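Computed from a prediction, not measured in an experiment: that's the story for all the values here. A, B, ... follow the sequence lines: proteins, then strands. Residue 1 opens every chain.
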Number of protein chains: 2
Amino acid sequence: MPTGPRAAKPQASYWLSDRAGAKRRREPEAGSGNGAGLDLDRVVRATIRLLDAEGLARFSMRRLAAALGVTPMSVYWYVDNKDDLLEIALDEINGEIPVPPDDATTTEPEDWRGQLRALATGYRTMLVAHPWASRLMGEYLNAGPRATAFATAAYRVIRRAGLPEDRAPGALAAVHQFAYGFGTVEGRWAERCRTAGTDEDELLREVFDATRDKPELGGLTGLIARHTTGRRDELRERDFAFALDVLIAGIDALRDSADG
Amino acid sequence: MPTGPRAAKPQASYWLSDRAGAKRRREPEAGSGNGAGLDLDRVVRATIRLLDAEGLARFSMRRLAAALGVTPMSVYWYVDNKDDLLEIALDEINGEIPVPPDDATTTEPEDWRGQLRALATGYRTMLVAHPWASRLMGEYLNAGPRATAFATAAYRVIRRAGLPEDRAPGALAAVHQFAYGFGTVEGRWAERCRTAGTDEDELLREVFDATRDKPELGGLTGLIARHTTGRRDELRERDFAFALDVLIAGIDALRDSADG
DNA sequence: ACCTGAACACCGTTCAAGT
DNA sequence: ACCTGAACACCGTTCAAGT
């Protein structure tokens with residue numbers, strides 16, 4: 001086995017390791033009023049800010065340190081390595097997704113449709129706001145407190161749909177993975193436009209021009225043309241909403257079917 | 001704007017650039033029997049082999065060159081940069097997905113369900129076989145010949161479902177993104193087990209142990225336990241199959257509904 | 001307890017030469 | 001036409017010191 005740069009620590013996840021929570025967020029010391037010192041929270045917030053602004057590819061421990069006005073190695077006091085830091089930042093933004101309240105009695109039992117839509121929409125919104133997140137979600141285990149809170153809420157909602165217990169995971173996967181994929185391509189597309197220096201229209205036109213004279217592409221050219229004209233955002237919303245319609249109608253159909 | 005390592009070339013995609021196909025695959029020269037020289041095909045195949053064997057994180061132009069028994073800069077004769085090479089390799093493996101024949105008359109018109117299942121399954125299989133692919137699919141435009149052939153076939157199939165034309169993209173997105181997400185987490189999980197040195201059972205047990213004594217996780221613990229016991233692969237197949245059931249039932253329901 | 005400096009083993013890529 | 005060598009501007013991280 002070759003010994004690459006990060007080959008030594010094959011830990012599955014920061015959240016499973018004993019160092020999770022070991023380096024506690026520093027209590028605001030009553031005596032000292034200086035806000036100059038670092039802090040895990042400060043480091044994580046700066047990380048998220050940098051990732052949002054410049055993307056994952058440009059993010060580095062050295063740039064983060066520079067942004068914090070500090071030497072590269074200072075950050076390592078608060079975090080063991082880059083992977084841990086990214087895993088923490090990723091979990092943090094999972095907290096941005098609104099989840100329905102736990103108390104089942106306050107909500108109509110049949111409200112699972114609306115709640116499922118809301119969860120999928122919130123997830124998508126988060127992914128679009130932080131395109132780096134969809135990259136990292138694949139990379140790590142997502143076992144942090146915010147991510148598991150979201151997962152728990154999603155499972156709670158799908159259970160209300162009335163499917164047999166062993167069917168719920170499959171149905172939830174359908175919705176979850178769809179929202180993940182949709183939000184991912186949406187966020188990446190926006191990111192690509194930004195980093196390519198061109199705007200969405202120009203980029204779409206480039207794609208369209210490249211495909212227009214290829215008969216083997218079948219209906220694809222029409223598909224692309226659909227987006228070069230008219231209101232793109234509206235089409236995206238319609239596609240997203242209709243896909244959710246499909247998923248919910250599918251769940252309804254299979255709940256009522258005999259083999260359920 | 002900061003000038004990072006690859007800040008100079010904001011090209012949207014190799015396939016849209018004029019250099020696509022400019023560096024032609026060398027014709028097997030009739031006179032010379034030496035197989036020592038490089039070749040775009042050889043470079044791409046070695047790239048895929050390395051990515052499969054060691055993963056994207058460990059792949060580098062320098063390691064590729066070493067694997068080819070050549071100086072780092074030699075590769076750059078065949079390819080402009082790392083991004084282009086990865087984009088080509090990614091398109092290449094899209095060719096592994098079996099697609100139904102174009103000729104509509106040879107297939108039953110109602111066969112779209114089976115074809116859709118087959119496409120989703122093939123897509124998932126490809127992603128699991130090459131976990132690096134799902135990472136790159138997000139990164140690039142997927143406008144190469146193999147990727148567009150797959151997209152064309154998928155669109156052809158969804159059109160046969162009988163949905164109104166402007167609903168087809170949303171429905172296809174639901175299926176496509178689901179298969180992408182499912183195959184992604186499946187492939188990454190296997191990859192994680194490999195690089196963590198542990199096997200699937202041990203890793204799952206770690207996750208389970210970390211969550212067992214947390215009451216706020218609701219039904220999640222049961223969800224994980226479901227996978228720690230019994231036949232995992234079978235559960236995965238069932239979940240995948242049922243999710244496809246949901247999607248197809250949903251399409252059926254919305255095709256027949258009044259607002260279609 | 002918190003931060004620094006120098007160093008190591010890596011990157012992708014440019015540029016000027018070699019054959 | 002094809003490949004090399006040296007160099008540049010980056011990485012993540014270790015380790016030994018500083019305060």
Inset, instruction - Would you mind reading off the distance between B:Arg62 atom CZ and C:dT14 atom P, rounded to a whole angstrom? - result: 13 Å

Inset, instruction - Return the value, rounded to whole Å, for the distance between atom CG of A:Leu40 and atom C1' of C:dC2. - result: 14 Å

Inset, instruction - Round to the nearest Å and state the distance from A:Met61 atom CE to D:dC11 atom P. - result: 12 Å

Legend entry - Partner set under side-chain contact (heavy atoms from CB on, under 4.5 Å) for B:Ala149, not counting sequence neighbours: none

Inset, instruction - Please determine if a side-chain N or O atom of B:Thr71 lies less than 4.0 Å away from the OP1 or OP2 oxygen of D:dG5. - result: yes

Legend entry - Nearest-neighbour nucleotide for the B:Val70 side chain, D:dT13, D:dC3, C:dC3 considered: D:dC3

Inset, instruction - Could you check how far CG of A:Asp83 sits from C1' of D:dC11, rounded to whole Å? - result: 14 Å

Inset, instruction - Ignoring backbone atoms, test whether B:Tyr76 places a side-chain nitrogen or oxygen under 4.0 Å from the OP1 or OP2 oxygen of C:dG12. - result: no

Short N/O separations, protein against nucleotides 15-19 of chain C, under 3.5 angstrom:
none

Legend entry - Partner residues of A:Arg236 under the salt bridge (Lys or Arg N to Asp or Glu O under 4.0 Å) criterion, sequence neighbours left out: A:Glu186, A:Glu200, A:Asp233

Legend entry - Atom-pair distance (CZ on B:Arg58; C1' on D:dG12), nearest Å: 14 Å

Legend entry - salt bridge (Lys or Arg N to Asp or Glu O under 4.0 Å) partners for B:Asp201, two or more places apart: B:Arg232

Inset, instruction - Taking side-chain contact (heavy atoms from CB on, under 4.5 Å) as the test, write out the residues that go with A:Glu202, two or more places apart. - result: A:Thr198, A:Asp199

Inset, instruction - Could you pull out all residues at least two apart from A:Arg45 that satisfy salt bridge (Lys or Arg N to Asp or Glu O under 4.0 Å)? - result: none

Inset, instruction - Verify whether one side chain among A:Asp80 and A:Tyr14 offers a donor that lies under 3.5 Å from an acceptor in the other. - result: no

Inset, instruction - Could I get the full list of ring pair (Phe, Tyr, Trp, His ring centres under 6.0 Å) partners for B:Trp132, not counting sequence neighbours? - result: B:His130

Let me have the donor-acceptor pairs involving side chains of residues 173-185 of chain B, under 3.5 Å, with sequence neighbours excluded, atom names and distances please.
| residue | atom | partner | partner atom | Å |
| --- | --- | --- | --- | --- |
| B:His176 | NE2 | B:Tyr123 | OH | 3.1 |
| B:Tyr180 | OH | B:Ser134 | O | 2.8 |
| B:Thr184 | OG1 | B:Tyr180 | O | 2.6 |

Legend entry - Sidechain-backbone polar pair: A:Arg135 side chain, A:Leu56 backbone, donor-acceptor under 3.5 Å: no

Inset, instruction - Find the distance A:Lys82:NZ to D:dT13:C1' and express it as a whole number of Å. - result: 12 Å

Legend entry - Of the listed nucleotides D:dA1, C:dA7, C:dC11, the one nearest the side chain of B:Trp77: D:dA1

Legend entry - Atom-to-atom span, CG of A:Leu64 to C1' of D:dG12 - whole angstrom: 13 Å

Inset, instruction - Would you mind telling me which of C:dT13, D:dT4, C:dC2 lies closest to the side-chain atoms of A:Tyr78? - result: C:dC2

Inset, instruction - Mind calculating the distance between CG (A:Asp80) and C1' (D:dT14) to the nearest angstrom? - result: 13 Å

Legend entry - Range-with-range stems for DNA chain D, at least three Watson-Crick or G-U pairs under 3.5 Å: C:4-8 with D:12-16, C:12-16 with D:4-8

Legend entry - Nearest to side-chain heavy atoms of B:Ser74, which nucleotide of C:dG12, D:dC3, C:dC3: D:dC3

